[in-house]
2 protein chains.
Amino acid sequence: MTRKIPQSTVRRLSHYLRSLEGFEDEGGTVSSEELAARGQTTAAQVRKDLSHFGSFGKRGLGYRVDELRSRLRHILGIDRPWRVALVGAGRIGRALIEYPDFRARGYECVAIFDSDPDKVGRRLGDQTIRDAATLEEAMEDLQVELVILAVPAEAAHDVAARAVDVGVKGILNFAPIRLNVPPRIPVQDVNLVMELEALSFAISQAEEAG
Amino acid sequence: MTRKIPQSTVRRLSHYLRSLEGFEDEGGTVSSEELAARGQTTAAQVRKDLSHFGSFGKRGLGYRVDELRSRLRHILGIDRPWRVALVGAGRIGRALIEYPDFRARGYECVAIFDSDPDKVGRRLGDQTIRDAATLEEAMEDLQVELVILAVPAEAAHDVAARAVDVGVKGILNFAPIRLNVPPRIPVQDVNLVMELEALSFAISQAEEAG
DNA sequence: TGTTGTGAAGTATTTCACAGCC
DNA sequence: GGCTGTGAAATACTTCACAACA
């Protein structure tokens with residue numbers, strides 16, 4: 001039913017789910033047209049995206065809102081909780097785990113690590129910051145599945161390798177380097193400065209074109 | 001020379017520039033092969049990406065490191081400073097403007113706004129947080145070019161519209177909504193929870209496939 | 001009637017492969 | 001001899017358009 005789904009489709013699926021949030025009419029239906037209008041895409045694209053995972057619309061009617069929502073949650077893998085560890089107790093990591101959506105989407109921060117002795121032992125949210133030296137033991141005990149890697153580039157490879165060794169399944173990487181982990185481990189890179197660069201690129205291009 | 005450059009190419013250009021950072025051998029050269037190895041792409045892709053902007057390699061030799069670096073900086077529009085304002089003095093925005101790369105890439109935070117009276121007037125870095133009500137006046141005075149929009153979704157449309165009205169040229173948007181600005185204004189959306197969803201999607205898919 | 005699901009057509013992006021130049 | 005620049009081929013992604021059906 002599903003083979004190789006492009007990243008662009010996954011992004012759109014997240015959007016569709018988010019769009020559904022605005023719907024109070026639980027028992028109602030949405031058409032691909034309506035969904036398309038809320039994301040910036042086309043009705044055909046919506047239908048194609050969804051069709052990769054089965055056909056759960058009703059011709060002439062659209063998609064049942066409540067069913068579509070639960071299907072999307074299942075497809076995105078957020079119909080169950082995820083045990084997440086934050087490594088690097090800086091601002092970004094903290095921003096992320098404090099997002100209301102973080103918890104609302106089923107991500108649960110079960111451990112926070114840092115190597116700075118001044119930070120170790122402090123409270124952060126409902127967690128006490130642990131010494132990064134205890135990473136393996138703690139991650140195994142707590143059955144961590146996802147790691148948010150928010151450490152300096154120099155430390156990132158090491159932390160990633162150790163996390164993968166103890167069975168972590170995926171990494172959200174804020175370090176501006178390409179992690180060298182086995183291909184079975186998905187890594188999602190986030191680089192905020194790069195996003196700014198995309199902006200200055202677009203503006204410069206437009207200016208140059210006149 | 002350049003027409004419509006895909007987003008994927010722009011991302012890779014940023015990577016190439018970042019790769020060059022590791023090079024001490026300023027006067028030396030890099031081949032497309034080496035560049036490809038540092039990003040996760042192919043030599044042909046590197047050459048194609050660069051060829052959109054002219055041909056500045058030497059056959060048989062590769063690209064001069066120092067020249068390539070300055071070309072990339074020019075292409076990405078970071079061969080000049082950018083005047084940036086942060087709207088929403090929460091953790092993410094602060095994380096971003098405190099990144100060493102933020103300044104190193106020429107982005108200069110010239111104003112910070114928030115609507116929370118408890119925050120207005122406080123210092124943050126080398127800035128005093130301004131009342132969001134004064135946004136138009138301050139942005140015009142300070143000739144802000146880029147806005148980092150890190151406010152709740154409800155406020156985002158309004159802030160974006162006001163910023164565009166006073167001549168802002170681009171927006172980095174952390175609010176999980178589609179901003180409704182004129183098409184000439186580039187908007188770069190960042191949604192960290194969506195990145196996590198891409199991760200749980202990938203893992204769930206792999207698990208389902210067995 | 002209205003809207004899905006989907007092959008087929010159309011675009012966009014990547015990869016190939018090789019002539020051309022250092 | 002080595003490596004770029006680039007058309008041409010291959011692949012990936014999106015849009016079209018329409019049969020199927022609630």
Side-chain angles (χ1 to χ4, degrees), chain A residues 1-16 19-20 23 25 27-69 71-72 75 198 201-202 205, chain B residues 1-16 19-20 23 25 27-69 71-72 75 198 201-202 205:
Chain A
M1 182 151 100
T2 150
R3 217 86 292 257
K4 180 55 164 47
I5 307 295
Q7 190 76 356
S8 49
T9 296
V10 181
R11 287 211 128 88
R12 285 191 303 263
L13 294 174
S14 288
H15 278 304
Y16 303 153
S19 301
L20 257 29
F23 263 85
D25 185 11
T29 60
V30 236
S31 66
S32 53
E33 199 70 61
E34 291 175 275
L35 243 13
R38 283 147 187 271
Q40 57 190 15
T41 182
T42 65
Q45 184 72 76
V46 172
R47 297 201 297 275
K48 185 69 95 183
D49 285 342
L50 295 177
S51 75
H52 288 130
F53 305 95
S55 47
F56 37 91
K58 295 276 170 288
R59 294 173 196 233
L61 274 171
Y63 303 86
R64 285 237 325 276
V65 171
D66 50 4
E67 185 189 357
L68 182 55
R69 168 149 41 212
R71 293 278 200 151
L72 284 170
I75 293 166
F201 171 82
Q205 289 290 301
Chain B
M1 181 152 102
T2 149
R3 217 81 297 252
K4 180 57 165 46
I5 307 295
Q7 189 77 358
S8 50
T9 296
V10 181
R11 288 209 126 88
R12 286 192 301 264
L13 294 175
S14 287
H15 279 303
Y16 304 153
S19 301
L20 256 32
F23 262 85
D25 185 12
T29 61
V30 237
S31 66
S32 54
E33 198 69 60
E34 291 174 274
L35 244 14
R38 284 148 186 271
Q40 56 191 14
T41 183
T42 64
Q45 183 72 76
V46 172
R47 296 199 299 276
K48 185 69 93 181
D49 286 342
L50 296 177
S51 74
H52 288 129
F53 305 95
S55 47
F56 36 90
K58 295 273 171 290
R59 294 171 197 237
L61 275 172
Y63 303 87
R64 286 238 324 277
V65 171
D66 50 3
E67 184 187 359
L68 182 54
R69 170 152 36 214
R71 293 278 199 153
L72 284 171
I75 294 166
F201 172 81
Q205 289 290 301

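Source: prediction; values computed, not measured. Lettering follows sequence order; numbering is per chain, from 1. Just so you know, these numbers use all the heavy atoms, side chains as well, and skip hydrogens, waters and symmetry mates.
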Restricting to side chain to side chain donor-acceptor pair (under 3.5 Å), what partner residues turn up for A:T41, sequence neighbours left out? none
Minimum heavy-atom distance between A:A43 and A:A36, given as atom pair plus value: N-CB, 3.5 Å
So does B:I5 get a backbone contact from the side chain of B:T9, meaning a donor-acceptor N/O pair under 3.5 Å? no
Start with the C-alpha distance between A:R64 and A:L68, add both sets of side-chain angles, then the distance that settles side-chain contact (heavy atoms from CB on, under 4.5 Å), and finish with yes or no. CA-CA 6 Å; A:R64 285 237 325 276; A:L68 182 55; over 6 Å; no
Using the rule given for side-chain contact (heavy atoms from CB on, under 4.5 Å), can you reason through B:Y63 versus B:S32, listing the C-alpha separation, both sets of side-chain angles and the distance that settles it, and then say yes or no? CA-CA 8 Å; B:Y63 303 87; B:S32 54; 4.3 Å; yes
Taking the side chain of A:K58 as heavy atoms from C-beta outward, which of D:dC13, D:dA22, C:dC22 is closest to it? D:dA22
In whole angstrom, what separates A:R64's CZ from C:dG2's P? 22 Å
Check the distance between C:dT6's C1' and A:F56's CZ and give it to me in whole angstrom. 15 Å
Output yes when B:R38 and B:E34 qualify as a salt bridge under the 4.0 Å nitrogen-oxygen rule, no when they do not. no
Rounded distance (Å) that lies between atom C1' of C:dA12 and atom CD1 of B:I5: 13 Å
Choosing from D:dC13, C:dT13, D:dG5, which nucleotide comes nearest the side chain of B:R59? D:dG5
Please confirm whether the backbone N or O of B:H15 pairs with a side-chain atom of B:S19, one donor and one acceptor, at under 3.5 Å? yes
Pull out every residue in residues 31-50 of chain B that has a heavy atom closer than 4.0 Å to any atom of DNA chain C, ordered by number, or say none. B:T42, B:A44, B:Q45, B:R47, B:K48
Please report, rounded to the nearest Å, how far the C1' atom of C:dT14 is from the CD atom of B:Q7. 17 Å
Separation of atom CD in A:E67 from atom P in C:dT4, rounded to whole Å: 13 Å
So, OP1 or OP2 of C:dG2: does either fall under 4.0 Å of a side-chain N or O from A:Y63? no
A:S8 has its side chain closest, among C:dG5, C:dT13, D:dC13, to D:dC13
From NE2 of A:H52 over to P of C:dG7, roughly how many Å is that when rounded to an integer? 11 Å
Atom pair distance, as rounded to whole Å: CZ in A:R11 and P in D:dC13: 14 Å
